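Written out below as structure tokens is the structure these notes cover.
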2 protein chains.
Amino acid sequence: MMKRLLATFVAVATMAATGAHAADDLMTRAKELFKPIPHVAPDIPDNPLTKEKVRLGKMLYFDPRLSSSQLISCNTCHNLGMGGDDNLETSIGHGWAKGPRNAPTVLNSVFNIAQFWDGRAKDLKEQAKGPVQAGVEMNNRPEVVVATLKSIPEYVEMFRKAFPQDKDPVTFDNMAKAIEAFEATLLTPDAPFDRYLRGDEKALTDQQKKGLALFIDKGCAGCHNGINIGGHDYFPFGVVEKPGADVLPPEDKGRFKVTRTADDEYVFRAAPLRNVALTAPYFHSGKVWSLKQAVAIMGDAQLGKGALSEEDVDAITAFLKSLTGKQPRVVYPILPPRTDATPLPKPMTQK
Amino acid sequence: MMKRLLATFVAVATMAATGAHAADDLMTRAKELFKPIPHVAPDIPDNPLTKEKVRLGKMLYFDPRLSSSQLISCNTCHNLGMGGDDNLETSIGHGWAKGPRNAPTVLNSVFNIAQFWDGRAKDLKEQAKGPVQAGVEMNNRPEVVVATLKSIPEYVEMFRKAFPQDKDPVTFDNMAKAIEAFEATLLTPDAPFDRYLRGDEKALTDQQKKGLALFIDKGCAGCHNGINIGGHDYFPFGVVEKPGADVLPPEDKGRFKVTRTADDEYVFRAAPLRNVALTAPYFHSGKVWSLKQAVAIMGDAQLGKGALSEEDVDAITAFLKSLTGKQPRVVYPILPPRTDATPLPKPMTQK
């Protein structure tokens with residue numbers, strides 16, 4: 001697996017680095033490597049989007065009653081007003097527990113190959129079930145979630161409409177499907193870079209274009225390409241030199257935990273770089289707060305010390321700022337009220 | 001003070017309880033005691049509402065960076081999707097600390113005589129400064145809040161526009177004023193009871209009308225009247241008989257802590273009952289989850305055991321459900337991103 005990945009990586013980097021490129025074919029080269037964010041949500045083969053499902057998913061996304069404390073919602077750690085994450089080193093969850101890794105953004109996450117830093121959830125509906133149950137996140141149990149949702153008549157009706165084929169529509173799986181449907185709509189189109197990819201030469205500044213050229217030529221685009229400028233495949237962190245333990249803590253071996261393959265030690269899903277200017281701090285450890293510093297660290301770790309000059313780092317950072325798109329416009333949902341049958345919150349107890 | 005209040009209480013209760021009232025003058029009597037929620041925010045004499053100020057206040061209301069952990073916003077405990085509070089017994093704050101009292105709703109709170117259960121903040125701008133600094137809530141310091149806001153150019157610009165007279169507009173006081181301005185817009189007009197007060201005889205069911213008549217005749221309206229059906233003055237909890245320690249914990253003496261007057265022991269601001277069906281659990285202790293049970297407890301405590309039959313309790317509960325208004329429609333704000341100058345979150349430390 002890793003061999004294939006490394007071959008891809010080297011191939012793209014080589015392709016990008018060879019030959020003198022005229023400035024005016026930068027756009028052509030960019031179009032080969034990247035794709036703009038679309039304006040409408042993509043199809044999800046096993047979970048067709050309907051208005052009813054998306055509407056339900058939005059409510060569930062914002063509903064803290066999915067957590068055992070009834071305080072924490074999906075939006076707590078994947079805040080739609082803050083680039084789709086919590087802007088914290090690692091998330092804070094049930095009982096003020098500190099999570100193990102930096103929260104990835106929910107924005108455009110439907111385009112990732114799989115979810116989480118190690119890709120352990122194959123899609124967003126599988127992902128959605130994780131934090132709801134994780135002891136350091138929402139700390140709940142599926143049967144309590146289902147009992148909660150079934151106790152609220154408005155939710156029962158909404159599940160019925162969102163899953164009209166199902167005899168018993170209020171299930172933990174359908175909760176996850178509805179959340180996935182909503183999340184699939186959380187796209188950020190029309191970033192300056194998207195406008196550039198669609199042919200607007202003036203959408204990027206000169207420095208951003210220089211950064212884009214470096215991003216391709218130096219090899220960054222070997223791992224960070226496609227629609228999300230990353231997120232589409234797995235790569236080792238520290239190709240040339242492992243960063244220090246502060247940035248790459250030795251105990252977190254990344255995808256190794258999923259595949260149990262030695263080759264996958266310290267392998268992570270390439271971070272999707274869409275809206276990266278909004279999602280500090282950086283890396284799975286969340287230890288780096290400055291985007292510029294993150295670029296410099298990646299230069300050293302993946303390309304080798306000295307591969308990027310300070311001017312290069314500045315230009316690439318400027319390019320990355322062109323990846324900030326139009327953030328989703330979401331009307332805050334009014335949640336249906338609890339009933340006397342709704343399980344009580346358990347803020348102070350274990351599961 | 002208390003004597004005056006009790007005199008008012010008895011006067012209203014007596015006025016309400018005397019004479020046989022024809023069903024068709026119920027509306028007239030209701031109009032004397034209550035006022036509908038307006039469709040537009042009221043004037044605040046020392047803090048004129050402007051579009052710029054309300055817009056800024058909305059962002060601040062949703063911005064978790066006002067807290068030292070950068071996780072907790074005003075909306076965490078005063079959730080606009082959940083009747084304007086957190087639907088918890090008492091709030092959970094910094095370090096998962098349990099707050100001392102049930103979070104009151106922010107909705108229509110601009111009409112309250114003062115803020116908090118004991119009225120210790122004279123208005124919403126004074127209130128807004130409390131939780132930001134409280135160790136068990138947002139645990140922040142004014143200078144850190146100001147440094148945070150000043151580090152974000154978009155905020156600086158918004159403060160400048162919201163407070164055009166001020167030389168140094170980014171201040172803790174102006175933060176509170178902007179939040180007050182936004183909160184003053186959080187009204188819930190057009191509840192069935194509002195439509196009734198405006199002359200629509202059919203807006204209430206027969207049971208709700210019966211409940212309204214009981215609410216007036218039995219004396220509930222002695223404390224719970226005005227625009228917010230409460231919230232306008234202070235009254236002792238347990239006029240006739242103190243509820244048990246579970247509902248009225250002996251250590252929380254209410255307004256006594258503010259006035260240090262013996263008469264004010266166990267005196268609280270009458271709970272504003274607007275949207276009460278959305279804001280379980282009830283009382284300052286947050287110990288009672290069922291609205292019907294809360295009504296029964298109030299019957300025993302304020303009117304005397306046996307004052308309300310079970311049928312009466314049902315009718316009053318039905319009437320209280322007519323107080324649920326149209327919830328505010330709020331587009332979730334996209335918050336301006338941090339900069340390298342923004343203070344880092346301190347989720348794991350004391351102030």
Side-chain angles (χ1 to χ4, degrees), chain A residues 58-59 62-65 69-73 75-77 79-83 86-98 188 275-281 286 289-293 321 324 326-345 347-348, chain B residues 58-59 62-65 69-73 75-77 79-83 86-98 188 275-281 286 289-293 321 324 326-345 347-348:
Chain A
K58 181 173 109 170
M59 284 199 172
F62 279 96
D63 199 328
R65 293 170 299 192
S69 66
Q70 301 191 10
L71 181 70
I72 302 172
S73 71
N75 190 65
T76 302
C77 299
N79 191 322
L80 299 185
M82 300 178 81
D86 52 13
N87 291 197
L88 297 178
E89 188 177 295
T90 64
S91 296
I92 295 171
H94 187 85
W96 210 253
K98 194 175 182 305
T188 65
N275 304 294
V276 70
L278 306 181
T279 61
W289 284 87
S290 144
L291 182 56
K292 186 178 161 179
Q293 196 192 339
K321 289 183 178 169
T324 303
K326 210 169 135 190
Q327 303 298 295
R329 186 179 181 280
V330 171
V331 175
Y332 199 70
I334 303 303
L335 303 175
R338 58 171 287 114
T339 64
D340 289 346
T342 306
L344 295 183
M348 296 302 166
Chain B
K58 181 173 109 169
M59 284 197 171
F62 279 97
D63 200 327
R65 293 169 300 190
S69 66
Q70 302 191 9
L71 180 70
I72 301 173
S73 71
N75 190 65
T76 302
C77 299
N79 192 321
L80 299 187
M82 300 177 80
D86 52 13
N87 292 196
L88 296 178
E89 188 176 297
T90 65
S91 295
I92 296 171
H94 186 84
W96 212 254
K98 196 176 181 305
T188 64
N275 303 294
V276 70
L278 306 180
T279 60
W289 285 87
S290 145
L291 182 55
K292 186 178 159 179
Q293 197 192 339
K321 289 184 179 167
T324 303
K326 211 170 136 190
Q327 303 298 296
R329 186 179 180 282
V330 171
V331 175
Y332 199 69
I334 304 303
L335 303 175
R338 55 171 290 115
T339 66
D340 289 348
T342 306
L344 295 183
M348 296 302 166

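Protein chains get the first letters and strands the later ones, always in sequence-line order, with residue 1 at the start of each. All of these numbers come straight from a predicted model, not from anything done at the bench.
Listed by chain and residue number, nothing satisfies the side-chain hydrogen bond (donor to acceptor under 3.5 Å, both in side chains) test with A:Gln70 (two or more places apart in sequence, or in another chain). Considering only residues two or more places apart in sequence or on other chains, A:Thr324 meets the side-chain hydrogen bond (donor to acceptor under 3.5 Å, both in side chains) condition with none of them.
For chain B, the option among A:Asp63, A:Leu88, A:Leu291, A:Asn87 with the highest count of heavy-atom pairs below 4.5 Å is A:Leu88. Note on A:Thr342, A:Ile92, A:Asp86, A:Leu278: by heavy-atom pairs under 4.5 Å with chain B, the leading option is A:Ile92. Heavy-atom pairs under 4.5 Å with chain B peak, among A:Gly95, A:Ser73, A:Pro333, at A:Gly95. By number of non-hydrogen pairs under 4.5 angstrom with chain A, the leading residue of B:Pro281, B:Pro336, B:Ser290 is B:Ser290.
Only the backbone of A:Pro328 comes within less than 4.5 Å of a heavy atom of chain B; no side-chain atom from C-beta onward does. Proximity to chain A involves both the backbone and the side chain of B:Ser69, based on heavy atoms less than 4.5 angstrom apart. Of the atoms belonging to A:Thr279, not a single heavy atom falls under 4.5 Å from chain B.
Between B:Trp289 and A:Pro345, some side-chain heavy-atom pair lies under the 4.5 Å cut-off. Contact annotation: the side chain of B:Leu80 never approaches that of A:Phe62 to less than 4.5 Å [non-hydrogen atoms, C-beta and beyond].
Residue B:Asp340 holds its CG atom at 8.5 Å from CD of A:Gln293, rounded to the nearest 0.5 Å. In this structure, CD1 on B:Ile72 lies 10.5 Å from OG1 on A:Thr76, to the nearest 0.5 angstrom.
Atom NZ of B:Lys98 sits in a crowded spot, with more than 12 heavy atoms from other residues, nucleotides or ligands closer than 6.0 Å.
For the pair B:Trp96 (side chain) and A:Pro347 (backbone), a donor-acceptor distance under 3.5 Å is present.
Here the closest heavy-atom approach between residue A:Pro337 and residue B:Ala277 is recorded as CB-O, 4.3 Å.
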